[in-house]
Amino acid sequence: MPRKHHDSEQQSRRPGPRPFWSGIIAFGLVSLPVSLYVATRSNKVSLRMVDEDGEPLARRYFCPNEERPLEPDEIVRGYEVEKDQFVVVSDDELDAIAPPKSQEIDLRRFVPADDIDPMYFERAYFLAPDKGATKPYRLLAKSMEDTGRAGIATCVIRGKEYLIAILSSHGILRAEILRFADELRTPDDVGPPEPKNPDAAAVKRIEQAIKSNSRKTLDTDKMADARAQRLLKRVDEKLKAGEDVIHEPEYVEDEEEAEGTEPVDLMAVLKASLEQENDGQRAPRRRAAKPKPGGGRSRKAGRSREELYEEAQKLDIPGRSKMTKDELARAIRHH
């Protein structure tokens, strides 16, 4: 049987993550359409701040002088030139100095991959070829891997320009967001002791210890977050025991009705909630017993920053590109 075209193979193997960014790698006369996929995922176990009834809390900017929270239109950005002295930069000024929008990875030069200190690497992404670009993608990946070269390029992602290194390994291109040179500290900044000739016998003992504990390859199974595992185990123990588990009370009219209400099977409710979440995270629920001014919590609180940003674009909210998720939600709510 004839082999299927590589493009169909490419499409069939992409049921999982969505691309973070799509554009073109451009160098010389070559234009290679690609998509950027995040190469890492966060499995950190985080704890949410909640009140005593289990209501997730939101952070707000607070003015200590006036002792009150601030609204989005009362907040400006400032660069601190000296202690407590700021130069205010407006949203329009930030927009004016933003890099022009581009979907192009401007591949400027190729350097030996070994010359890039790992300290420069900040975030990793996979580069995958778009439809019809599998052949030139494989040619570029093989050429870079055979020559041991890395491509240095610039790229504009979500209104910010990044310096990236494109590397090839096992036929796959990877993009590494690079830190800028002035972001790295030098040994002189830390102040290590002056090098001296150590005791030869001590050196030999350490070399023997290194040799006895050496392995041929890195065992990734050992690279686990032990604290996170212990925390999850403790949470599971408390959940099974029904200890310190906060849930929302059912809404009741008065104390007499509350006394006649059958107890809720808390464990069944929690298990059902957990089973409905594919990513293992329980979505926050609203409290019916305490209605809040203005109609309660906005439904926008559960949306992603990208969704909020798209709505802010439609509403033409100034300064939206620099806002956090909470700031976007407040700006949309007060628009």
Side-chain angles (χ1 to χ4, degrees), residues 19-24 26 36 38 40 42 46 49 56-108 119-125 152-165 175-186 189-190 294 297-298 300-335:
F20 173 79
W21 179 92
S22 295
I24 295 174
L36 209 61
V38 178
T40 60
S42 176
S46 59
M49 294 294 183
L57 304 178
R59 293 182 178 180
R60 298 190 66 182
Y61 286 100
F62 184 84
C63 177
N65 292 331
E66 299 181 13
E67 297 185 347
R68 67 178 182 89
L70 300 177
E71 298 298 330
D73 57 1
E74 298 180 278
I75 302 171
V76 297
R77 294 176 177 84
Y79 180 82
E80 189 171 13
V81 291
E82 294 181 7
K83 183 174 176 56
D84 297 331
Q85 183 180 13
F86 300 87
V87 174
V88 174
V89 183
S90 68
D91 292 340
D92 291 338
E93 290 173 315
L94 290 173
D95 291 338
I97 62 175
K101 293 182 179 180
S102 173
Q103 295 298 113
E104 184 176 284
I105 296 177
D106 182 17
L107 193 50
R108 297 180 176 180
M119 287 182 65
Y120 282 101
F121 295 155
E122 184 173 3
R123 290 194 305 279
Y125 299 88
I152 305 299
T154 56
C155 180
V156 178
I157 302 176
R158 294 180 177 175
K160 184 176 179 181
E161 187 174 52
Y162 293 92
L163 183 66
I164 67 174
E176 291 276 355
I177 300 292
L178 298 178
R179 295 183 174 91
F180 295 106
D182 58 0
E183 294 183 90
L184 298 185
R185 289 179 172 175
T186 67
D189 296 329
V190 180
R297 190 197 305 172
S298 170
K300 297 180 179 64
R303 297 164 63 182
S304 68
R305 185 188 182 281
E306 288 72 19
E307 292 171 330
L308 293 171
Y309 180 77
E310 288 178 3
E311 183 167 348
Q313 279 184 312
K314 295 177 182 178
L315 297 174
D316 196 25
I317 294 176
R320 56 187 176 272
S321 62
K322 308 298 181 183
M323 291 184 182
T324 64
K325 177 183 174 182
D326 290 340
E327 290 171 340
L328 284 169
R330 287 196 296 270
I332 292 171
R333 190 163 58 247
H334 289 88
H335 190 272

Exercise. Can you find a heavy atom in the side chain of Arg108 that is under 4.5 Å from one in the side chain of Ile152?
Worked result: no

Problem set entry | Nearest heavy-atom neighbours spanning Ala331 and Pro72 | N-CG, 4.2 Å

Seminar exercise, completed: Taken in chain and number order and not counting sequence neighbours, the residues that satisfy salt bridge (charged side-chain N to carboxylate O under 4.0 Å, His left out) with Glu74 are Arg68

Seminar exercise, completed: CG (Leu70) and CZ (Phe62) are apart, to the nearest 0.5 Å, by 8.5 Å

For this session: List in chain and number order the residues that pass salt bridge (charged side-chain N to carboxylate O under 4.0 Å, His left out) with Glu93, two or more places apart in sequence or in another chain; answer none if no residue qualifies.
Result: none

Exercise. Distance-only, no hydrogens or angles: does the Arg179 side chain make a donor-acceptor pair with backbone N or O of Met119 under 3.5 Å?
Worked result: yes

Problem set entry | Heavy-atom neighbours of Glu67 CD exceed 12 at 6.0 Å | no

Problem set entry | Pairwise distance CD1(Ile24) to CD1(Ile105) - rounded to 0.5 angstrom | 10.0 Å

For this session: Assess whether atom OH of Tyr61 is packed by more than 12 heavy atoms of other residues, nucleotides or ligands within 6.0 Å.
Result: no

Exercise. About how many Å separate CD1 of Ile332 and CG of Leu315, when rounded to the nearest 0.5 Å?
Worked result: 6.0 Å

Exercise. Excluding sequence neighbours, so at least two apart, what forms side chain to side chain contact (heavy atoms under 4.5 Å, CB included) with Phe20?
Worked result: Leu36, Val38, Tyr125, Ile157, Arg158

Seminar exercise, completed: Sorted by chain and residue number, the salt bridge (charged side-chain N to carboxylate O under 4.0 Å, His left out) partners of Glu82 (sequence neighbours excluded) come out as none

Exercise. Around Tyr79, counting heavy atoms of other residues, nucleotides and ligands shown, do more than 12 lie under 6.0 Å from its OH?
Worked result: no

Exercise. How close do Glu161 and Pro99 get, heavy atom to heavy atom, and via which atoms?
Worked result: N-CG, 3.8 Å

Problem set entry | Distance, nearest 0.5 Å, that separates NZ of Lys325 from CD of Glu307 | 9.0 Å

For this session: Sequence neighbours left out, what passes side-chain hydrogen bond (donor to acceptor under 3.5 Å, both in side chains) with Tyr162? Give chain and number order.
Result: none

Exercise. Which atoms form the tightest heavy-atom contact between Val156 and Pro100, and what is the distance?
Worked result: CG2-O, 3.8 Å

Problem set entry | Validation row: Gln103, Trp21 side chains within 4.5 angstrom (heavy atoms) | yes

Exercise. If you measure from CD on Glu122 to CG on Leu163, what distance do you get to the nearest 0.5 Å?
Worked result: 11.0 Å

Exercise. Between CZ of Arg330 and CG of Asp73, what distance do you get to the nearest 0.5 Å?
Worked result: 11.0 Å

For this session: Tell me, please, which residues at least two apart from Thr154 pass side-chain hydrogen bond (donor to acceptor under 3.5 Å, both in side chains).
Result: none

Problem set entry | Distance-minimising heavy-atom pair for Ala98 and Gly159 | CB-O, 4.4 Å

